[in-house]
Amino acid sequence: MIYCHKFRILKNEETIPGHRLMIVDAPGISAAAVPGQFLHLRCSDSTDPLLRRPVSIHRVERDKGLAHMLYRVAGRGTALLAGKMPGEYLDVMGPLGKGFTLPLPGERVAVVGGGIGAAPLFFLVEELIRECPPNNMVSFFLGAASASQLPPASVLHSPGLEVHTATDDGSAGYHGTVTALLESRIDSGPAGFDRIYACGPAPMLRSLVRMAGSLGIPGQVSLEERMGCGVGACLSCACKIKDRSADGFLYKHACTDGPVFDMREVYYES
Amino acid sequence: MRVNLAVNVGGIIMKNPVTTASGTFGYGPEYGRIIDLNRLGAIVVKGTTLSARQGNPTPRIAETPSGMLNAIGLQNPGVDKFISEALPFLRNYQLPVIVNISGDTVEDYHKLAGILDRAQGVGGIEVNISCPNVKKGGLQFGSDPDSAGEVIRAVRRATSLPVIAKLSPNVTSIAAVAEKVAEAGADALSMINTLLGMAIDIKSRRPVLGNIMGGLSGPAVRPVAVRAVWQVYRAVKLPIIGMGGITCAEDALEFIMAGATAVAVGTANFVNPRATIDIIDGLEKFMLENNIKDINEIIGIAQ
């Protein structure tokens with residue numbers, strides 16, 4: 001079921017500099033959504049800007065019928081979203097895309113988010129805590145440019161969950177990239193992982209996919225590409241996926257084949 | 001009062017004049033989860049070629065004022081896979097399926113038309129002689145009236161299905177191309193394909209699109225499209241499927257009054273997945289309010 005109508009905004013406020021948390025009253029969406037899926041938002045009734053904006057589902061509160069979106073105010077579309085007031089209605093399409101698949105019982109899981117890429121992983125971590133047996137250890141690695149840009153992980157609380165942070169400027173947690181932090185944890189002893197889930201900037205995912213590949217750890221990544229329709233009609237959001245053809249890859253689409261793909265399938269030029 | 005919305009586009013009987021623009025509606029199932037496809041007058045599916053095409057490198061789209069540039073590059077699985085994998089789904093619906101075809105050579109178009117002529121459930125062929133986004137094929141044929149005629153003649157020889165020539169606005173005289181394809185045996189015309197355009201990212205100092213240039217669509221191009229329909233309606237007697245930036249019934253009516261027998265909704269589907277249905281309902285409402293019994297009464301009425 002794809003919902004496509006106007007939903008009431010309950011909250012839309014800056015939570016970290018340049019980022020906003022929007023909560024919409026959308027019981028159908030919150031009930032149907034799985035982690036990794038996204039919503040396609042119409043920023044205004046005008047034809048300029050024309051296209052919808054895809055925003056990942058940050059969290060859901062199923063008991064209250066709410067869907068949360070954490071978004072970065074990056075351009076004209078998201079600036080219009082930022083101007084929406086609680087009580088206004090927002091044209092939302094979704095939930096769209098293929099989400100993450102949950103790990104096998106007992107697997108030790110690393111969830112790795114860089115920048116605003118961390119947004120959909122909160123939903124994933126909450127689902128892992130809820131759905132997985134207690135012997136699934138979950139480690140959430142969060143990376144950002146600096147301390148002020150880290151989304152607060154205090155909303156997630158569970159005895160089985162460890163949260164590790166990394167910042168580029170060293171103002172909080174590990175000084176360096178979140179991929180380097182994960183690598184250091186793996187190197188420093190038996191703290192291995194059986195599965196990795198990740199979302200973040202393209203260079204981060206590239207190095208993470210390479211590292212996971214060399215260590216033989218399976219996992220999934222959520223990819224981003226400029227999107228049009230959100231439903232697989234326009235074929236804009238093409239992602240390179242490994243293939244036995246002469247090119248070595250074929251184009252699949254973030255909106256319907258993804259945005260979540262198996263790490264081993266993602267094609268990177270050498 | 002009951003109003004008649006049905007139209008005949010060169011032998012394709014549509015229960016209402018609203019169809020989809022090729023490349024904006026996939027093969028049906030993409031939007032079939034949101035709207036009832038049976039309500040459409042017809043469906044025009046994603047452009048099909050003889051063999052599979054990967055399409056262009058990303059970014060494939062760029063947003064522009066009230067419009068967008070696209071350079072998808074005709075990504076499609078090829079005609080055989082289209083027939084075996086996409087067409088069966090569409091046979092479940094009561095609406096004409098119009099297949100848009102592109103080729104590198106005149107021979108490609110001829111072969112494609114022959115293959116589709118033998119396939120079950122194809123209601124018409126839209127011949128893309130106007131794609132601005134591939135190196136070969138498409139626009140090279142559509143920009144020269146004689147080559148456009150040659151392609152249509154080759155398609156005509158291969159099929160008895162209704163043949164629609166899709167015209168490019170990227171020409172000196174669209175009416176001259178229309179006249180040649182009419183002579184060559186086209187049953188109908190569709191226009192306009194996208195306008196060739198480009199955008200530069202001033203931060204990276206590079207073109208935005210992976211393909212550098214792309215096709216402009218959306219409300220920004222609508223006046224150009226209405227003008228093209230107006231000119232071609234005067235030049236040839238073939239029915240026209242008008243398109244270019246149609247988002248609502250009022251936009252569709254502009255095309256119909258300029259001379260279009262039917263309209264296609266393209267980019268608007270991305271913004272409002274129910275755009276086609278809203279337009280069908282809006283046309284009916286307009287007719288009731290203005291005492292128009294038959295949509296055919298107002299085709300070209302602005303002329």
Side-chain angles (χ1 to χ4, degrees), chain A residues 1-6 32 40-54 74-78 80 91-96 202 223-241 243 245-257 267 269, chain B residues 20-35 45-47 52-77 208-210 214 216-220 222 245 247-248 251 266-275 277:
Chain A
M1 175 75 190
I2 299 174
Y3 294 87
C4 182
H5 57 92
K6 292 198 169 187
H40 215 17
L41 312 178
R42 195 164 171 189
C43 305
S44 81
D45 291 333
S46 148
T47 59
D48 189 29
L50 182 65
L51 299 171
R52 288 174 179 266
R53 298 293 189 270
R76 289 181 59 215
T78 43
L80 285 167
D91 185 337
V92 181
M93 239 176 116
L96 298 172
L223 302 182
E224 195 176 22
E225 189 51 63
R226 216 179 272 238
M227 195 177 281
C229 67
V231 295
C234 73
L235 309 183
S236 300
C237 55
C239 300
K240 287 181 180 174
I241 298 300
D243 181 65
S245 69
D247 294 324
F249 69 88
L250 55 78
Y251 285 114
K252 293 214 173 189
H253 297 92
C255 67
T256 42
D257 301 308
Y267 176 89
E269 255 132 69
Chain B
T20 59
S22 178
T24 67
F25 210 74
Y27 298 104
E30 296 83 353
Y31 285 103
R33 294 184 294 166
I34 301 170
I35 64 164
V45 296
K46 170 74 186 161
R53 293 214 189 171
Q54 281 273 46
N56 288 327
T58 58
R60 290 177 169 188
I61 53 167
E63 196 174 44
T64 56
S66 292
M68 61 176 275
L69 291 163
N70 88 79
I72 307 301
L74 290 175
Q75 179 176 0
N76 83 95
V208 175
L209 295 174
L216 180 65
S217 65
R222 197 168 67 237
T247 65
C248 59
D251 298 347
T267 304
N269 291 307
F270 306 159
V271 183
N272 171 16
R274 291 196 194 90
I277 307 300

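Just so it is clear: chains get the letters A, B, ... in the order the sequence lines come, proteins before strands, and each one is counted from 1.
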| message | Check this for me: A:K240, atom NZ, are more than 12 non-hydrogen atoms of other residues, nucleotides or ligands nearer than 6.0 Å? | response |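 Check passes, neighbour count above 12.
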| message | Going by ring pair (Phe, Tyr, Trp, His ring centres under 6.0 Å), name the residues that satisfy it together with A:Y267, two or more places apart in sequence or in a different chain. | response |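 Ring pair (Phe, Tyr, Trp, His ring centres under 6.0 Å) list for A:Y267, sorted by chain: A:F249.
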| task | State which residues pass ring pair (Phe, Tyr, Trp, His ring centres under 6.0 Å) with B:Y27; sequence neighbours excluded, sorted by chain then number. | result |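 So B:Y27 forms a ring pair (Phe, Tyr, Trp, His ring centres under 6.0 Å) with B:F82.
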Locate the shortest heavy-atom distance separating [X] from [Y]; write the atom from each residue and the value.
X      : Y      : answer
A:R52  : B:P273 : NH2-CD, 4.0 Å
A:C4   : B:R274 : O-NH1, 2.9 Å
A:C234 : B:F270 : CB-CZ, 3.3 Å
A:Y251 : B:R60  : CD1-NH2, 3.2 Å
B:Y31  : A:C229 : OH-CB, 3.4 Å

| request: Could you check which of A:S236, A:C239, A:S245, A:C237 has the highest count of heavy-atom pairs closer than 4.5 Å to chain B? | output: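 If we count pairs closer than 4.5 Å to chain B, A:S236 comes out on top.
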Rounded distance [0.5 Å steps], [atom1] in [X] versus [atom2] in [Y]:
X      : Y      : atom1 : atom2 : answer
B:N56  : A:L235 : CG    : CG    : 11.5 Å
A:T47  : B:R222 : OG1   : CZ    : 8.0 Å
A:H253 : B:E30  : NE2   : CD    : 10.5 Å
A:L51  : B:M68  : CG    : CE    : 5.5 Å

Under 4.5 Å from any heavy atom of chain A - which part of [X]:
X      : value
B:T24  : backbone
B:T267 : side chain
B:V208 : side chain
B:P29  : neither

Sub-4.5 Å side-chain heavy-atom contact between [X] and [Y]:
X      : Y     : value
A:M93  : B:I34 : yes
A:R226 : B:T58 : no
B:P219 : A:L50 : yes

| request: Measure A:M1 against the heavy atoms of chain B and call it side chain, backbone, both or neither at under 4.5 Å. | output: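 Looking at A:M1, nothing touches chain B.
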| Between B:E63 (side chain) and A:P49 (backbone), is there a donor-acceptor pair under 3.5 Å? | no
